[in-house]
Protein chains: 2
Amino acid sequence: MARFKGQAEYSVDAKGRTAIPAKMRAALSPDAQGTFTLTKGFERCIYAYPMDQWKLKEDEYSSLNTNDREARHLVRMILMWAEEVSLDGQGRISLPKSLSEYAGIGDKALIIGNMDRIELWNPEAFSTYLQENSEDQESLVQKVMGS
Amino acid sequence: MARFKGQAEYSVDAKGRTAIPAKMRAALSPDAQGTFTLTKGFERCIYAYPMDQWKLKEDEYSSLNTNDREARHLVRMILMWAEEVSLDGQGRISLPKSLSEYAGIGDKALIIGNMDRIELWNPEAFSTYLQENSEDQESLVQKVMGS
DNA sequence: AGGTATGTGGGGAAAAGTGGGGCGTTTGCC
DNA sequence: GGCAAACGCCCCACTTTTCCCCACATACCT
């Protein structure tokens, strides 16, 4: 299973393309075939799941009961924003307009490795997010992960 | 099994034809033979099942007890609106009047990939639907998919 | 300091989306 | 039964977008 980490601020060109850091590309499983599925993430960023990881997500969703109204709505909300993109010859992906708009990404993107997914942020939005969530990390660790 | 995702707003021409996004066509199983079965969907949209998926649906319905009045009625209601359509040379399908009327689709259609089916919406009707179901996604995830 | 790998930008070919025309079949009317 | 209008179907043509490839610049490693 691919495990991503680290961060980098890359530019997004006029065609909406942005490079994926070489280190993250190296961490990609061959099963992913250089393909990601992008979706809306929490906190106004874009989640990028390698294909192999996304398959697992889809399996989860398909096991939900489509006759239940709320489940139906949830799956619809998740999938309608999902888009599959592949790395081009230069290790870039192109961001769909709908998603880069959602995340407020213009000509710069902050790329963060986060376990089984990669996150793409508007750099300013991320620093705002940091300020708003500047709780002391030590006490956060204690709260989330126990003693 | 085909897994559809993503969204696109396409035009419906004067002849009632609308294109299916190339990415969804690509996701189509060869077994479907470029053929869909359209039915009334929940929430005033049209469901389009690829032929192979529809076969499974039919199996489900035929396994219901035809001696039960309600089951009989349900199957009748579903099947009377079902219509089979095929992609033309340009990757389009033509929408039966009865269904496009039901969904309120005029000269624009919002096309949404939703797992084993494709949904066709009136764009305005969909944004209304969104407003009426604007529950916080975070809590919805928690409710539907557990902690 | 040179070579290799990485990130950035742009141009051209191919495909996707959109609209319209023509032919054959069906349907309704005279 | 014959005619005409309507409808569906298939093909063709145009426009726009997307994708792929090539070229340059910068950073890194040796």
Side-chain angles (χ1 to χ4, degrees), chain A residues 4-28 32-38 46 48 51 82-101 105-113 118-123, chain B residues 2 4-28 33-38 46 48 51 82-101 105-113 118-123:
Chain A
F4 302 107
K5 53 181 174 291
Q7 55 149 338
E9 186 172 325
Y10 279 10
S11 64
V12 180
D13 67 21
K15 294 180 180 178
R17 297 175 300 187
T18 188
I20 299 296
K23 291 195 174 178
M24 295 186 194
R25 292 203 305 264
L28 206 57
Q33 300 177 250
T35 302
F36 294 86
T37 296
L38 309 181
I46 299 174
M51 191 202 271
E83 190 110 8
E84 205 171 280
V85 295
S86 292
L87 293 168
D88 68 9
Q90 280 75 259
R92 293 174 292 192
I93 57 172
S94 57
L95 307 178
K97 251 178 294 186
S98 54
L99 285 175
S100 56
E101 220 168 85
I105 293 178
D107 61 351
K108 288 280 168 193
L110 181 64
I111 302 172
I112 302 178
I118 295 172
E119 298 182 355
L120 297 111
W121 292 73
N122 173 324
Chain B
F4 301 108
K5 55 177 170 289
Q7 54 158 334
E9 186 172 323
Y10 279 10
S11 63
V12 180
D13 67 20
K15 297 179 180 178
R17 298 174 301 186
T18 189
I20 299 296
K23 292 198 173 177
M24 296 187 195
R25 292 204 303 265
L28 207 57
Q33 300 178 252
T35 302
F36 293 87
T37 297
L38 309 181
I46 300 175
M51 191 201 271
E83 188 113 6
E84 204 170 281
V85 295
S86 290
L87 293 167
D88 69 8
Q90 279 76 263
R92 294 175 291 194
I93 57 172
S94 56
L95 307 177
K97 250 178 293 183
S98 54
L99 285 174
S100 57
E101 219 169 87
I105 292 178
D107 62 349
K108 288 279 169 195
L110 181 65
I111 301 174
I112 302 179
I118 294 173
E119 299 181 352
L120 297 114
W121 292 73
N122 173 324

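Since the structure is predicted, the reported quantities are computational estimates derived from the model, not experimental observations. Lettering follows sequence order; numbering is per chain, from 1.
If A14(B) and I20(B) are placed on DNA chain C by their nearest nucleotide, the residue sitting closer to the 5' end is I20(B).
Spacing between atom CD1 of I93(B) and atom P of dG17(C) amounts to 13 Å, rounded to whole angstrom units. The CG-P distance, from L95(B) to dT18(C), rounds to 13 Å in whole Å. When the C1' atom of dC9(D) is taken as reference, atom CG of D13(B) falls 13 Å away, rounded to whole Å. Rounded to an integer number of Å, the gap from Y10(B) OH to dG19(C) P is 13 Å.
Remark: K15(A) engages D13(A), R17(A) in a side-chain contact (heavy atoms from CB on, under 4.5 Å) (not counting sequence neighbours). Residues satisfying the salt bridge (Lys or Arg N to Asp or Glu O under 4.0 Å) test with K23(B), not counting sequence neighbours, are E83(A). By the side-chain contact (heavy atoms from CB on, under 4.5 Å) test, A22(B) is found to be paired with R25(B), residues two or more places apart in sequence or in another chain being considered.
Scanning both residues, V12(B) and G106(B), for their nearest heavy atoms gives CB-O, 3.4 Å. Between M24(B) and I112(B), the shortest heavy-atom contact is CE-C, 4.0 Å.
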List, with names and distances, any nitrogen or oxygen atoms from the protein found under 3.5 Å away from nitrogen or oxygen atoms belonging to nucleotides 24-28 of chain C.
none

Review item, side-chain donor-acceptor pairs of residues 92-101 of chain B, under 3.5 Å, at least two apart:
unit_1: R92(B); atom_1: NE; unit_2: D88(B); atom_2: OD2; d: 3.2
unit_1: S100(B); atom_1: OG; unit_2: P96(B); atom_2: O; d: 3.3
unit_1: S100(B); atom_1: OG; unit_2: K97(B); atom_2: O; d: 3.2

For nucleotides 18-30 of chain D, read 5' to 3', which letter fits each nucleotide if B means a protein heavy atom sits under 4.0 Å from the base, S means only the sugar-phosphate is that close, and - means neither? -BBBB--------
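Residue A22(A) places its side chain closer to dT6(C) than to any other of dT6(C), dT18(C), dA16(C).
Comment: E9(B) does not engage K108(B) in a salt bridge, judged by the lack of any side-chain N to carboxylate O separation of less than 4.0 angstrom.
Interatomic distance, CD1 of I105(B) versus CD1 of I46(B), reported as 4.0 Å (0.5 Å rounding).
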